[in-house]
Protein chains: 2
Amino acid sequence: MVKAAAAAGLPLTVIGGQSGTVGGAVPSDGGIALSLERMSRILEVDRLSMTMTVEAGCILQAAQETAEAQKTLLPIDFGARGTAMIGGVIGSNAGGNRVLRWGMMRDMVLGLEVVLADGTILSSMTKMLKDNAGYAWKHLVIGSEGTLGVVTRAVLRLRPLPTSRQTAMIAVPSFGAAITAMRQFEVTLSGRLSSFEIMWNDFYDRMSGGLVHRQPRPLPTGLGYYAVVEAMGGDEECDAAQFERVLGTLIENNTVTDAVIAQSEQQRQQIWAVREDMNPGLADMRPLIAYDLAMAIVDMPVFVDRARAAMAAACPGATMLFYGHAGDGNLHVIVSRGELSDETRLIFDTAIYEAVRTVGGSIAAEHGVGISRRAFLGHTRSAGEVALMRALKAAMDPAATLNPGKIFAL
Amino acid sequence: MVKAAAAAGLPLTVIGGQSGTVGGAVPSDGGIALSLERMSRILEVDRLSMTMTVEAGCILQAAQETAEAQKTLLPIDFGARGTAMIGGVIGSNAGGNRVLRWGMMRDMVLGLEVVLADGTILSSMTKMLKDNAGYAWKHLVIGSEGTLGVVTRAVLRLRPLPTSRQTAMIAVPSFGAAITAMRQFEVTLSGRLSSFEIMWNDFYDRMSGGLVHRQPRPLPTGLGYYAVVEAMGGDEECDAAQFERVLGTLIENNTVTDAVIAQSEQQRQQIWAVREDMNPGLADMRPLIAYDLAMAIVDMPVFVDRARAAMAAACPGATMLFYGHAGDGNLHVIVSRGELSDETRLIFDTAIYEAVRTVGGSIAAEHGVGISRRAFLGHTRSAGEVALMRALKAAMDPAATLNPGKIFAL
């Protein structure tokens, strides 16, 4: 297919599971849309090497469930797990809720097979954690949004399946207290902390009042900042007590104002729903724009102030909600103000990305650049960086066959 | 300097701390040797963001100690810590004894500044864990052995400084039992296992009898395989008991034959010396060749058999010792047989790398390719992969100014 596309001079876009949010898998006008949905096999789970070998069209959730049936964990996890395909997860270097502990998709890809723009099949399907034999071309392809090669197969690193899990909703009076709490969990739990999802009060207020819950809020509103804290482990005897001990100390010294630990799977799901169930929580805010930003953790409160000020000046009356993966420096921002024209979108984008630029942050933490953020790449990458990216694209795909126009304009 | 070298048409090699083992920092004849030893400052430790900003000439150990003084851990660690410079650690994507838990140097580099072949300073000194805004050029430079850019500064990710540590020497009857034991530690300790260093009996025998110890061996010889097992944590109350419990279970079910847990810092150092103190242990084997190989864990015993057979045929009477970072699939092999002529070296290389090739392994796990392994790159990388590497080199350094002839011949 790639050779045929190149020969015909047609652009080729792999469309994956269509769960992306930035237009990264939107085919070019008159181009070829390639689906790998029939290349969906899980070829092997190797429990000795702790690896899984999959084809690119495999749905993430299917891979997760197959791993779990073998008492292993494929740690990458996010909302679109039921539709996202492994090839797209790799192409976008997806993140999600457990990056703090296990890293992004990049960190789970041991072996990779890709088809280059000239039709060369580049296969390095190794199970090795370490391989310094020459350039790490694998890392160049991962996260390149289909512009440097078509991912066809991969070897993924697995972890032991945790047997214990502790989940809490906590409230903290300040952003600084949230970070202090997170670091204390990290220190004592030493590698077991898997999620620390921060929510500003207005996001918490709206999400926890959503129709789907029909339950009391896990904690009252108005307490400042909230966080979903989750740890996983393999030692039932120790883990729960250790988690409670850290939380107890944080409450005693007033770092944490209030907290509830899930006592059942149902309570765990209720806590996570406050963070994840966007549909009921944000229904009356649609249409909305969701931003996916990254910055140094230390810069987050500064950014929020600047973003609020910029939006107040540019578009008074807009609603803004902040939440994100605090430990990763990944902040999501939701902006809404009635109907959204292209002009309004541009005003929003300009205000938000300019605020990101002032703190040296990234306009694309885990969702990619695609088409919709392309115009703002220069806010987060220097001219030299963009020039290098273009040179690499030209070296690997001189005729611009593969998903052209994504990340940067041709 | 880079611009001047390019203008004069001279090759430029950054020589770093000169602790590499593959000739990767040997300057070209008539070329420029550039030392960054005076760019050795530690510019910042940011405890909120858990990052450290350093110049490329900073000695690894100095960075580690500065981190530790701030109750943080820079996890990368290996024998040459006292001479290796951060720029070289990045350029070679160094590994070491804690990759199992914290990954290789690549996994600790958040921000990077490099000088490209045309003199462009590419600076992306971010503190972000997540950044999907375009191609991950940083990962292309990391591990490229100075051939794609000169690393000048970096932002490194820190971890909380562990407050508890458990170290044991264990003996297991088979390679399979070693892996079973390692996985059980991983399951129960859930992220706390930081080292699992396997040693074949003859390596253990020789190293534990070394002059420096003047102590009884930690465990008797002749028990099959040995491993240094180390875990770190932040909870004194739980950690030691948990470690002992896992070990107790493994002894009860005969996975582990014998074991000793360090009861003091001195005992911990004695255990580690068996694995690390090459000078006394291997003194009478010099000159020797040390190989740095990677493969799927499941393939290790097969490889060892094939390597022994190949060496017995090619060079009867040679001594071979095997040890390595089992969890990483990283096997070190030491080969010796009196004086080493270039012809003998080539016979050794051919036997070992051919055995690596048959299991789909890597000829360079953590030490790089440099000059000395260049001729065997094709044993571990396909023609397509090498062609891509050459294309990337040509795109980024068309005049071959930067450390030419390393990894592959010009």
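Every chain is numbered from 1 and lettered A, B, ... according to where its sequence line falls, protein lines coming before strand lines. Only this structure's heavy atoms are used, side chains among them; waters, hydrogens and symmetry mates stay out. Predicted model only: the values in this text are computed from it and were never measured.
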Margin query: Donor-acceptor check, side chain of B:Asp131 to backbone of A:Ala294, threshold 3.5 angstrom: yes or no?
Written below: no

Notebook entry, point to check: Which residue out of B:Lys138, B:Lys130, B:Arg374 racks up the most heavy-atom pairs below 4.5 Å with chain A?
Noted result: B:Lys130

Margin query: With a 4.5 angstrom heavy-atom cut-off, is it the side chain or the backbone of B:Arg390 that approaches chain A, or both, or neither?
Written below: neither

Next item on the list: Starting from the C-alpha separation in whole Å, work towards a yes-or-no answer on salt bridge (Lys or Arg N to Asp or Glu O under 4.0 Å) for B:Asp292 and B:Arg373.
Entry: CA-CA 10 Å; B:Asp292 165 42; B:Arg373 292 169 185 165; 3.7 Å; yes

Check: Relative to each other, are the rings of B:His325 and B:His332 parallel, tilted or perpendicular (30° and 60° limits)?
Finding: perpendicular

Next item on the list: Measure up the A:Tyr135 and B:Phe408 rings against each other and bin them: parallel (under 30°), tilted (30 to 60°), perpendicular (over 60°).
Entry: perpendicular

Next item on the list: Indicate the ring-plane relationship of B:Tyr353 and B:Tyr291, choosing parallel, tilted or perpendicular according to the 30° and 60° boundaries.
Entry: perpendicular

Check: Does the pair A:Arg245 and B:Asp235 meet the rule for a salt bridge (Lys or Arg N to Asp or Glu O under 4.0 Å), with working shown?
Finding: CA-CA 10 Å; A:Arg245 189 148 36 82; B:Asp235 188 351; 2.9 Å; yes

Checklist line | Pairs of heavy atoms under 4.5 Å with chain B: top-ranked of A:Leu189, A:Val386, A:Thr188 | finding: A:Thr188

Check: Using non-hydrogen atoms only, which part of B:Met396 is less than 4.5 Å away from chain A: side chain, backbone, both, or neither?
Finding: side chain

Check: If you count heavy-atom pairs under 4.5 Å with chain A, which of B:Lys127, B:Lys393, B:Met389, B:Arg159 comes out on top?
Finding: B:Met389

Item checked: Partner chain B: residue of A:Thr147, A:Leu116, A:Asp107 with the largest heavy-atom pair count (under 4.5 Å) -> A:Thr147

Check: Measuring heavy-atom distances to chain B, does A:Arg106 have an atom under 4.5 Å in its side chain, in its backbone, in both, or in neither?
Finding: side chain

Notebook entry, point to check: Under the 3.5 angstrom rule, does the side chain of A:Arg101 hit a backbone N or O of A:Arg192 as a donor-acceptor pair?
Noted result: yes

Check: Where does A:Phe376 contact chain B at under 4.5 Å (heavy atoms): side chain, backbone, both or neither?
Finding: neither

Notebook entry, point to check: Picking from B:Thr180, B:Asp46, B:Leu122, B:Leu293, which has the most non-hydrogen pairs under 4.5 angstrom with chain A?
Noted result: B:Leu122

Check: Checking B:Ser144 against chain A: side chain, backbone, both or neither under 4.5 Å from a heavy atom?
Finding: both

Checklist line | A:Met104, part contacting chain B, at a heavy-atom distance under 4.5 Å | finding: side chain

Checklist line | Pick from A:Met128, A:Lys406, A:Glu237 with the largest number of heavy-atom pairs that fall under 4.5 Å of chain B | finding: A:Met128

Checklist line | B:Ser123, part contacting chain A, at a heavy-atom distance under 4.5 Å | finding: backbone

Item checked: Largest heavy-atom contact set with chain B, pairs under 4.5 Å, which of A:Pro160, A:Gly191, A:Ala364, A:Gly103 -> A:Ala364

Item checked: Candidate list B:Glu366, B:His139, B:Met105, B:Glu145, test side-chain contact (heavy atoms from CB on, under 4.5 Å), partner B:Asn93, passing option -> B:Met105

Notebook entry, point to check: If you count heavy-atom pairs under 4.5 Å between each of A:Gly143, A:Gly234, A:Gly233, A:Ser124 and chain B, which one has the most?
Noted result: A:Gly234

Next item on the list: Under 4.5 Å heavy-atom distance to chain A, tell me which part of B:Leu48 shows up: side chain, backbone, both or neither.
Entry: both

Item checked: Under 4.5 Å from a heavy atom of chain B, the part of A:Glu236 involved -> neither

Check: Do B:Gln184 side-chain atoms and B:Ala181 backbone N/O form a donor-acceptor pair below 3.5 Å?
Finding: no

Next item on the list: For each of B:Glu186, B:Arg47, B:Met50, B:Met232, tally heavy-atom pairs with chain A at distances under 4.5 Å, and name the one with the top tally.
Entry: B:Met50

Note to self: I'd like to know which of B:Gly360, B:Gly329, B:Gly361, B:Ala365 tops the heavy-atom pair count under 4.5 Å against chain A.
What the structure shows: B:Ala365

Margin query: So which residue, A:Ile142, A:Val141, A:Val246, A:Val99, ends up with the most heavy-atom pairs under 4.5 Å with chain B?
Written below: A:Val99

Check: Does B:Asp328 use its side chain to pair, donor to acceptor, with the backbone of B:Leu100 at less than 3.5 Å?
Finding: yes

Checklist line | Donor-acceptor contact present, side-chain B:Thr53 to main-chain B:Val155, <3.5 Å | finding: no

Next item on the list: Answer yes or no: is there a donor N or O on one side and an acceptor on the other, between the side chain of A:Glu385 and the main chain of A:Ser382, under 3.5 Å?
Entry: yes

Notebook entry, point to check: Checking B:Ser92 against chain A: side chain, backbone, both or neither under 4.5 Å from a heavy atom?
Noted result: backbone

Next item on the list: Going by the side-chain contact (heavy atoms from CB on, under 4.5 Å) test, name the single residue among A:Val45, A:Leu161, A:Leu158 that passes it with A:Gln70.
Entry: A:Val45

Note to self: Quick check on the interface: out of B:Ala383, B:Cys238, B:Ser362, B:Gly176, who has the most heavy-atom pairs with chain A under 4.5 Å?
What the structure shows: B:Ser362

